[in-house]
Each structure stands twice: as structure tokens, then as C-alpha cells.
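Numbered from 1 within each chain, the chains take letters A, B, ... in sequence-line order.
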There are 2 protein chains.
Amino acid sequence: MPDTANSTDQFVRRELQLERFLPYLVNNLADRISTGLSRIYADEYGLSIPEWRVIANLAEHGVLNAKRIVITTGMEKSKVSRAVKSLTDRSLIFQRRTENDNRARDLALTGTGEALYGELVPRALAWELQLLECLSTGEYRDLMHLLGKLREQAGRI
Amino acid sequence: MPDTANSTDQFVRRELQLERFLPYLVNNLADRISTGLSRIYADEYGLSIPEWRVIANLAEHGVLNAKRIVITTGMEKSKVSRAVKSLTDRSLIFQRRTENDNRARDLALTGTGEALYGELVPRALAWELQLLECLSTGEYRDLMHLLGKLREQAGRI
DNA sequence: ACAAATTAGTTGCATAATGAACTATCTCTG
DNA sequence: CAGAGATAGTTCATTATGCAACTAATTTGT
């Protein structure tokens with residue numbers, strides 16, 4: 001319960017400063033980051049954010065169905081559905097029957113998909129590193145910690 | 001230059017973990033925050049994010065023209081233009097001639113706009129405070145500091 | 001002073017995001 | 001085992017976005 005946020009001492013401030021308003025700051029940062037990173041995966045590889053996320057999840061966790069991707073990423077299921085369709089059409093992932101359930105399908109990267117992922121990862125990490133260059137090791141640790149806490153709290157509200 | 005990011009010791013990691021990938025984390029958090037806050041300004045007041053931002057800027061800085069809002073918020077000028085049109089149509093802001101420049105127009109909140117803002121602010125701040133409840137005063141200070149640094153760096157890249 | 005370049009803001013268009021409604025399959029309960 | 005409800009995934013209709021092209025007004029350089 002920070003008293004320095006938009007509050008003074010123990011009294012909540014009645015004014016709002018956009019430059020100190022967390023939702024604004026986080027949104028703004030997310031925007032800049034998306035725009036920057038999209039120069040890699042969108043411009044050079046023709047991937048949308050949802051597509052990239054589906055690929056990253058499959059690369060990281062192996063075989064998954066769409067529902068699981070929805071749960072772990074928090075994306076809309078329609079978003080995932082479209083991404084899956086598009087990636088399948090481009091043969092970056094493939095689908096196969098799930099045992100005991102004909103509604104769902106198992107998804108996995110194809111060879112091409114894995115190759116693309118293998119190309120993309122170092123570039124994405126390099127970009128992230130460039131961004132993180134402005135932080136010390138300690139600051140980075142703090143950041144991860146804070147983001148984790150906020151994410152959890154935002155999920156609760 | 002943190003060595004704990006997606007790197008180990010001084011060597012950059014070759015794998016990517018989405019859960020530790022800053023762009024993913026920030027985007028995800030921004031998403032959750034937007035969704036939560038929009039329950040206030042969208043559902044209850046019928047405002048879009050751009051509209052809300054225009055209002056907040058005018059409330060904070062008084063008379064502004066669209067260009068200035070574009071600069072200070074980093075929004076697309078078409079986004080601002082549309083928000084301004086919609087807010088004018090709803091009589092939440094008004095436009096008047098700018099002295100010495102017939103291209104631009106000065107924008108300001110109407111009484112209704114100010115009233116709406118006055119209603120909205122306490123609720124927005126209350127929501128922010130709920131989110132910040134998970135942080136100590138020190139953590140909040142750190143967060144603001146880190147977000148500032150990252151924002152600047154993201155602008156450079 | 002006047003053509004060229006800038007600037008403020010708008011609009012058109014193609015693409016993307018969103019949420020609700022829908023299909024098909026599966027599970028649970030009596 | 002039938003029917004109600006839940007679940008996986010798709011699609012439709014509406015709205016939002018981003019970019020570039022455009023208008024109109026202003027500034028600059030010569």
C-alpha cells in the first residue's frame with residue numbers, strides 16, 4: 001500500500017497525473033516494446049503477436065492443444081484459433097487427433113516451424129538484451145519480482 | 001546488462017522462456033490492467049482508451065491542441081483525431097480557434113467533461129491503489145524508477 | 001514575395017481485434 | 001442411457017487500428 005503513488009502521506013490524492021498513473025505507464029511501455037519487437041517477427045518473418053506466442057509456447061512446451069495455450073498465455077480463444085489456423089496453413093505447425101477427444105487437437109511445430117523459431121529466438125533475445133542494457137543485474141531482478149507481483153494482483157482484481 | 005535475463009554468466013542463453021521474456025511479461029500485464037480498468041471507463045462511461053487519455057491530458061494540462069497530445073502521449077495522430085471528434089460530438093470537450101494558426105485548434109474540457117473527469121478520477125485512482133496494494137512503498141518507488149528507465153530505453157531502440 | 005517544404009489535422013482503406021453466437025463433442029446425473 | 005450442461009474450437013458482425021494519402025494553413029529560403 002504505497003503512500004507515494006497517487007496518494008500523499010496516508011491520504012489518497014484527488015488528482016491524477018498521467019505520468020505517474022501505473023496503467024498509463026505500463027500500457028505505454030508495452031506499446032513501445034511491441035512496436036520495436038514487431039520489426040523483427042512481423043516485418044521479417046510475417047508473424048503476428050498471437051502467432052509468435054503460439055509458436056513460442058509449442059517450442060517451449062512441446063505438444064499442446066489450443067485450450068492449453070489459451071490458459072497459459074491468457075489470450076482470447078478466438079485469437080489463438082486464428083493463429084493456429086494461419087500457422088497450420090503456412091505449415092509452421094501441424095495438428096493431429098487427440099486421443100480420447102475429438103473436439104481438441106494436439107498441436108506441434110513442424111520442422112519448418114522449429115527452424116523459424118530457431119532463427120527468431122536469438123534475435124528476439126538480442127532485442128530484449130538491448131532493452132535490458134539500461135538496467136543493472138539487481139534492477140533486473142527487482143523488475144522480474146515486481147512484474148510477477150503485479151501480474152498476480154492484476155489477475156485478482 | 002543483466003546476466004540473469006535470458007543469459008547465464010556472461011553467455012547469452014540460446015533458449016527463450018516466455019515466462020521470463022520481458023516483452024511478453026509487460027504485454028501481458030498491460031493487457032490485464034487495460035481489461036480491468038476498462039470496466040470503469042468503458043463499461044460505465046463509454047470511453048475508449050484514447051478518449052480517456054485525451055480527457056486526462058486536458059484535465060491535467062488545461063488547453064492543448066491535438067498535436068501536443070500526440071507528443072505527450074505518443075499516440076497515433078489519427079487516434080487522437082478520432083478521439084477528439086468523438087469527444088466533441090458528445091460535448092465533453094470543445095474546440096476554439098488558435099491564435100495565429102488556423103490549422104490547429106485549442107481543445108479544452110467542457111463543464112460536462114470536467115464533471116465526468118471528476119467522477120472518474122477517484123475510481124481510477126482507487127483501482128490503481130488496489131493494484132498497488134501488493135507492493136511496499138519501497139517497491140513502488142523502485143517500480144516507477146524501472147519503468148522510467150525502460151521507457152526511455154525502449155524509445156531509443 | 002513566392003515557390004518549396006513543413007506542419008496540423010482528417011480521412012480512406014485494408015487489416016486486426018473483440019465478444020457473442022454457433023457447431024461438434026464430451027461428461028455427468030438421475 | 002437420455003438429456004442437460006460443459007467444453008474445444010470456429011465464425012460472424014462490429015469496432016478499432018495503422019498507415020498513407022490528402023487538405024489546408026504556415027514557414028522558410030532565396
Can you tell me which residue among B:Lys85, B:Arg90, B:Arg82 is in a salt bridge (charged side-chain N to carboxylate O under 4.0 Å, His left out) with B:Glu51?
B:Arg90
N/O donor-acceptor pair under 3.5 Å between B:Thr110 side chain and B:Ser91 backbone:
yes
Considering only NZ, NE, NH1 and NH2 on the basic side and carboxylate oxygens on the acidic side, decide whether A:Glu119 and A:Arg123 come within less than 4.0 Å.
no
Dump the pairs, protein N or O against N or O of nucleotides 9-12 of chain D, anything under 3.5 Å, distances to one decimal.
unit_1 : atom_1 : unit_2   : atom_2 : d
D:dG9  : OP1    : A:Ala66  : N      : 3.4
D:dG9  : OP1    : A:Arg105 : N      : 3.3
D:dG9  : OP2    : A:Ala66  : N      : 3.4
D:dG9  : OP2    : A:Lys67  : N      : 2.4
D:dG9  : O3'    : A:Arg105 : NH2    : 2.9
D:dG9  : N7     : A:Lys77  : NZ     : 3.1
D:dG9  : O6     : A:Lys77  : NZ     : 2.8
D:dT10 : OP2    : A:Ser81  : OG     : 2.4
D:dT10 : O5'    : A:Ser81  : OG     : 3.3
D:dC12 : N4     : A:Arg82  : NH2    : 2.5

Once you round it to whole Å, what is the distance between P of D:dA25 and CZ of B:Arg97?
11 Å
Straight-line distance of A:Tyr117 OH to A:Leu120 CG, nearest 0.5 Å:
9.0 Å
On DNA chain C, which is the earliest and which the latest nucleotide, 5' to 3', with an atom closer than 4.0 Å to a heavy atom of chain A?
C:dT18 to C:dC26
Side chains of A:Asn27 and B:Ser34: donor-acceptor distance under 3.5 Å anywhere?
yes
Are A:Thr72 and A:Asn57 close enough that a side-chain donor and a side-chain acceptor fall under 3.5 Å?
yes
Is it true that A:Asn65 and A:Arg105 share a donor-acceptor pair across their side chains at a distance under 3.5 Å?
no
Considering heavy-atom distances to DNA chain C, does A:Glu76 or A:Asp101 have its closest nucleotide positioned more toward the 5' end?
A:Glu76
Using whole Å, report how far NZ of A:Lys79 lies from P of D:dT17.
12 Å
If I take atom CG in residue A:Leu64 and atom C1' in nucleotide D:dA8, what distance separates them, rounded to the nearest angstrom?
14 Å
For the atom pair NZ (A:Lys149) and CD (B:Glu139), what is the distance rounded to the nearest 0.5 Å?
3.5 Å
Between atom CD in B:Glu51 and atom C1' in D:dT15, what is the gap in whole Å?
12 Å
